[in-house]
Engineer: 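The structure's right below; bear with me while I get my questions together.
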Protein chains: 2
Amino acid sequence: MEDTGEQAAPPRKRADARRNEQALLEAAAAVFVRSGVQAPVREIAAEAGVGMGTIYRHFPQRADLVIAVYRHQVEACAAAGPALLESAPTPHAALGRWVRLFVEFLVTKHGLAGAMRDDDAGFAALHGYFLDRLVPVCASLLDAAAAAGEIETDVSALNLMHGIGNLCIGADKDPGYDAGRLVDLLVAGLRRSAVG
Amino acid sequence: MEDTGEQAAPPRKRADARRNEQALLEAAAAVFVRSGVQAPVREIAAEAGVGMGTIYRHFPQRADLVIAVYRHQVEACAAAGPALLESAPTPHAALGRWVRLFVEFLVTKHGLAGAMRDDDAGFAALHGYFLDRLVPVCASLLDAAAAAGEIETDVSALNLMHGIGNLCIGADKDPGYDAGRLVDLLVAGLRRSAVG
DNA sequence: TCAACATACGGAGCGCTGTTCCGCTTGTCA
DNA sequence: TGACAAGCGGAACAGCGCTCCGTATGTTGA
């Protein structure tokens, strides 16, 4: 070992390469929501307006792309929490909007297990990362709404997220099942006034 | 509706058809253990010595075959419990042999989730069937060994099966990981004398 | 016992997938 | 601005699940 503490300098990427990687991440997220995570790689390439070679340069295997989108969405979801708390009219409204982002994200999460069929340990690690990152964000939204007196206080963030996750199971299979609507109802049900 | 109570007579199958179905079930089980559940349909057909058409006549989709093998193995595993209790020298030996069957079976079970990616409800139903059928069998083996004073009594059947299931996670991925050996150790550890 | 016929079989072939490969394009920097 | 590494597009490849249809065989009534 000859480098001590000094990371091997990552040679800065070309501008178009960085742009394409970002475009792919966004295109994949959109396609996953529209067609499910098992959507063909070609469809994602088309959505992003790039060729097959480009996709495989950035993500050597299909699963790498799924994982990258997953991480990207976890980060976006985590960052959206505080932002919504500032921009939304009330903490409860912020919670509602955040949960909607979370539901979109779950499409990718539910497909992740399939994409990582051969790597249970890796999946568990990613799931842990997801919990570490998102539960505190959800909790802060919940706390803010509680502090404003808007909602009941007997539901934990982990509990709520678990419930939402379960409501979304099978949402991609049955087109008559509107998970988003049910999740909205669940969040609405948290309101103090809803109890009467 | 014109039949009341009378099931539409299932027209008896031809002898070779029944034979092939059975051969397919056994071949698939063998191939799943050897190459994993994601083994190509062609490999199973070859193992059974039949053509592709035959396999798809009996099991219209790949997943149907996986499910059929799964049910078949649950039944075989359930039936093996009492049989082993009679034939093995001691209840603890019977337990050890039964657990070995159970581990082989888990290969199929772990692949089932992948095969049924689009049917969470169906998977849950099958998992329930698996618990209903196998937990009592494992419990009776455990009880017999406990009654003979061979083992500790503070581990439930569900607990033990859960632990074994977890030990087998990822066993197909890492060739250096010998799940079977670890499971043997776990069962050996149940022995009363093992505690000292 | 022996046609005659429905049933079941085998395997080439289809359409789709993930992935590779390579000639061409483009951003970067002296 | 020119030279060249870095990056791109998409045709081509291998392997998959599944279908189709000509052929073979178990079954059944005479």
Engineer: Going 5' to 3' along DNA chain D, between which two nucleotides do contacts with chain B fall, using a heavy-atom cut-off of 4.0 Å?
Structural biologist: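 The footprint of chain B covers dC16(D) to dT27(D).
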Engineer: Is there a side-chain contact between Thr54(B) and Phe59(B) in this structure, where contact means two heavy atoms from C-beta onward sitting under 4.5 Å apart?
Structural biologist: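 A side-chain contact is absent here, since even the closest heavy-atom pair is not under 4.5 Å.
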Engineer: Given side chains that start at C-beta, do those of Phe102(B) and Val137(B) come closer than 4.5 Å, heavy atoms only?
Structural biologist: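 A side-chain contact is absent here, since even the closest heavy-atom pair is not under 4.5 Å.
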Engineer: Taking the side chain as every heavy atom from C-beta outward, state whether Asn20(B) and Arg57(B) have any pair of such atoms under 4.5 Å apart.
Structural biologist: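 Heavy-atom side-chain distance check fails, nothing below 4.5 Å.
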Engineer: Thinking salt bridges, do Glu152(A) and Arg191(A) make one under a 4.0 Å N-O criterion?
Structural biologist: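 No, no charged N to carboxylate O under 4.0 Å.
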Engineer: Go through it in stages, so that I can follow the logic: the residues are Phe105(A) and Phe130(A), the test is ring-ring contact (aromatic ring centres under 6.0 Å, His included), and I'd like the CA-CA distance, side-chain angles, deciding distance and then a yes or no.
Structural biologist: CA-CA 11 Å; Phe105(A) 154 73; Phe130(A) 147 77; 5.7 Å; yes
Engineer: With heavy-atom distances below 4.5 Å as the criterion, would you say the side chains of Glu21(A) and Lys13(A) are in contact?
Structural biologist: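 The answer is yes; the side chains approach within 4.5 Å.
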Engineer: Treat primed atoms plus P, OP1 and OP2 as sugar-phosphate and everything else as base, then score nucleotides 9-19 of chain C 5' to 3': B for base contact with protein heavy atoms under 4.0 Å, S for sugar-phosphate contact only, - for none.
Structural biologist: BBBBB---BBB
Engineer: Mark yes or no for whether Glu150(B), through its side chain, and Ala147(B), through its backbone, hold a donor-acceptor pair below 3.5 Å.
Structural biologist: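 Not at all, since once roles are kept as given, no pair shorter than 3.5 Å links the two residues.
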